[in-house]
Amino acid sequence: MTDNDHAVRIEAFFSLHHGLPRQSPGSDATTRRLLELTGPLPHRPRVLDLGCGPGRAALLLAAEAGAEVTAVDLHRPFLDELRGAAAARGLGDRIRTVRADMAELSGPDFPDGSFDLVWAEGSAYNIGFDTALRDWKRLLAPGGSLVVTDCVWTTDAPTAGARAFWEQQTPMRPVAGNTAASVAAGYHVLGVLVQPDSDWDEYYVPLAGRVESADASAPGMEWALAATREELAVRRDHGTEYGYAGYVLRPADSRWTTRPETAADAAAVHAVNAAAFPTPDEADLVDALRTDPAAWLPGLGRVATDGPDGDVAAYALLTRCRVGDAPALALAPVATVPEHQRRGAGQAAVRAVLDAARLRGESLVLVLGHPEYYPRFGFVPASRYGIRPGFDVPDEAMMALVLDESAPVPRGTIRYPAAFGV
């Protein structure tokens, strides 16, 4: 195939997609949920929307998050369409379009640390998930977040037909594989959302209608129609084997090194808890939990140190509890030595232990704590899910974090390990 043939095919592919509401699986509801998972944003957050297409997400982020959006795409007609839509909605001063390659973001439009939110729905596959995580991290301001959606396997054993198609398109992992890659790349995972089948309908139903009405005699269109029909058929025949998932990520705080606690840390962990609380109860609780094989989960105690060889500054522990008969995790204690409090050490330990829980495949974490502190990690009142402790506490102090939104959330009374004494 000559370069001209390739260009003609690409133009036909874009022509087939012009004017469609979406260029990948998604929905306004999914965009809103991913935005919610990022947590609080600054006033008028600076958002970089990469591979924006005609700008469905950019328009929503500008309108509902009050964002100043820099929308990037290589296809000029998509950017023209977005500018027109922004002007029609009174958002022309909130959305700036830039024609650029997401794989080569350089120059004055893309300085380091310049965006509170980098957004890429349905576009990261163009350069690869791992490359996106590596190259786009520098663009984030301190405390900024990266939102990426990617195609993933939803079965451990995809069939040969599904593999044969997708191996020609993009490398794919299971949902948990991208989670692990994110942590390995130096991010904390704020949330993972497996998108519903209806997100595919929002993309494919209009596209299928366009296929039926397209002029197959137009240059390159015969190829574009054949490729699109194949994609639609693979979804029809193998749609239960793969899906789209959104990942909400934040770079780890470079001031702190986090790692699993080891047996050699026991004395230091005891000292951190003893120093952080007015009584020795929390320090003794950790020691007691270590001796309970039904409660203790290796790898779910995390320390934060001030450097790779530094002293333990903070500690966070997850142990097994239950909601009714369903397994869950209890986050307790969380402790930071006084000299390092309010410097991010405790947050680093908590985010690290929550990442470890996600990688284990856990789905629910519970915490009894300050309602001003734990919502920053995504915790909400447990009562929203019909979960309650077996003792009286203020409703807002008993909180839950759902790690796997695709799993049912159990309802009932929390059963703590015996060491908690409740």
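FYI, side chains are in, hydrogens and waters are out, and symmetry mates aren't considered; it's all heavy atoms of this structure.
Ring geometry for F377 against Y373 counts as perpendicular: the plane angle is over 60°, on a 0 to 90° scale with 30° as the lower cut.
Taking both residues in full, the closest heavy atoms of A268 and V312 are given as CB-CG2, 4.1 Å, listed atom of the first, atom of the second, then distance. In this structure, L140 and S145 approach most closely via the heavy-atom pair CD2-O, 3.2 Å. The two residues A419 and L285 come nearest to each other via the heavy atoms O-CD1, 3.5 Å. Nearest heavy atoms, P111 versus P108: CD-O, 3.4 Å. Residues L366 and A400 approach most closely at CD2-CB, 3.7 Å, considering heavy atoms. Here the shortest heavy-atom pairing between M102 and W136 reads O-NE1, 3.4 Å.
Ion pairing between R290 and E261 holds under the 4.0 Å rule for side-chain N and carboxylate O. A salt bridge links R22 to E202: at least one charged side-chain nitrogen sits closer than 4.0 Å to a carboxylate oxygen. With salt bridges taken as basic N to acidic carboxylate O contacts below 4.0 Å, none links D253 and R343. A salt bridge does not link R384 to D395: none of the charged side-chain nitrogens sits closer than 4.0 Å to a carboxylate oxygen. Classification of R96 and D49 as a salt-bridged pair fails, no side-chain N sitting under 4.0 Å from a carboxylate O. Note on E231 versus R236: no salt bridge recorded, every NZ/NE/NH1/NH2 to OD/OE distance being 4.0 Å or above. Remark: D355 does not engage R302 in a salt bridge, criterion side-chain N to carboxylate O under 4.0 Å.
Going from atom CE of M398 over to atom CD1 of I387 covers 8.5 Å, rounded to the nearest 0.5 Å. Within the model, atoms CG of L368 and CG of L331 stand 10.5 Å from one another, a figure rounded to the nearest 0.5 Å. Separating the OH atom in Y385 from the CG atom in L401 is a distance of 8.0 Å, to the nearest 0.5 Å. Considering CG of L317 and OG1 of T319, their distance stands at 5.0 Å, rounded to 0.5 Å.
A donor-acceptor pair shorter than 3.5 Å can be found between the side chains of S27 and T30. Residues D265 and T262 have side chains that bring a donor and an acceptor to within less than 3.5 angstrom of each other.
The number of heavy atoms from other shown groups lying within 6.0 Å of CZ (R32) is above 12. More than 12 heavy atoms of other residues, nucleotides or ligands lie within 6.0 Å of CG in D93, so this atom counts as buried by the packing criterion. Annotation: R138, atom CZ; neighbour count of heavy atoms from other residues, nucleotides and ligands within 6.0 Å is above 12. Remark: D112 CG is packed, more than 12 non-hydrogen atoms of other residues, nucleotides or ligands lying under 6.0 Å away.
Taking 4.5 Å as the limit, every side-chain heavy atom of L146 sits out of range of all side-chain heavy atoms of K137. Put simply, the side chain of L364 does not reach to within 4.5 Å of the side chain of L403, judged on heavy atoms. Considering only heavy atoms from C-beta on, D287 comes within 4.5 Å of H270 through its side chain. With a 4.5 Å cut-off on side-chain heavy atoms, L79 and R83 count as touching. Contact check for V118 versus V147: no side-chain heavy atoms found under the 4.5 Å cut-off. Taking the side chain as every heavy atom from C-beta outward, P417 and C321 approach each other to under 4.5 Å. A heavy-atom distance below 4.5 Å is found between the side chains of V286 and P333. Within the 4.5 Å cutoff, the side chain of T179 has no heavy atoms near those of the S182 side chain.
Between the side chain of S114 and the backbone N or O of F110, no donor-acceptor pair lies under 3.5 Å. Not one N or O on the side chain of R320 forms a donor-acceptor pair closer than 3.5 Å with the backbone of A294. For the pair Y187 (side chain) and L133 (backbone), a donor-acceptor distance under 3.5 Å is present. Looking at N178, its side chain never comes within 3.5 Å of a backbone N or O of P174 through a donor-acceptor pair. Looking at T154, its side chain does come within 3.5 Å of a backbone N or O of T240 through a donor-acceptor pair. A donor-acceptor pair under 3.5 Å is formed between the side chain of R358 and the backbone N or O of V189. In terms of modelled atom types and a separation under 3.5 Å, the side chain of T258 and the main chain of A352 share no donor-acceptor contact. At least one donor-acceptor pair closer than 3.5 Å links the side chain of D73 to the backbone N or O of G53.
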### Message
Run the side-chain hydrogen bond (donor to acceptor under 3.5 Å, both in side chains) test on E241 and T159 for me, step by step, so that the C-alpha distance in whole Å, both residues' side-chain angles and the decisive distance to 0.1 Å come before the verdict.
### Response
CA-CA 8 Å; E241 301 175 47; T159 60; 3.0 Å; yes
### Message
Pair R33, D28 - check salt bridge (Lys or Arg N to Asp or Glu O under 4.0 Å), show working.
### Response
CA-CA 9 Å; R33 180 57 183 147; D28 289 349; over 6 Å; no
### Task
Go through the steps to decide whether N126 and S123 satisfy the test side-chain hydrogen bond (donor to acceptor under 3.5 Å, both in side chains), and finish with yes or no.
CA-CA 6 Å; N126 285 289; S123 59; 5.5 Å; no
### Task
Could you go through the ring pair (Phe, Tyr, Trp, His ring centres under 6.0 Å) check for H238 and Y242 one step at a time?
CA-CA 7 Å; H238 301 284; Y242 62 91; 7.8 Å; no
### Audit row: E121, W119, side-chain hydrogen bond (donor to acceptor under 3.5 Å, both in side chains) steps and yes/no
CA-CA 6 Å; E121 278 194 64; W119 197 275; 2.9 Å; yes
### Verdict with supporting geometry, Y247 and F129, ring pair (Phe, Tyr, Trp, His ring centres under 6.0 Å)
CA-CA 11 Å; Y247 297 83; F129 188 82; 5.4 Å; yes
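Legend: ring-ring contact (aromatic ring centres under 6.0 Å, His included) pairs involving residues 44-92, not counting sequence neighbours, sorted by first then second residue: F14-H75, F14-F78, H18-H75, H18-F78, H75-F78. The ring-ring contact (aromatic ring centres under 6.0 Å, His included) analysis of residues 319-351, with sequence neighbours excluded, yields the pairs W256-H340.
For the pair R163 and W153, the cation-pi criterion (under 6.0 Å, within 45° of the ring axis) is fulfilled.
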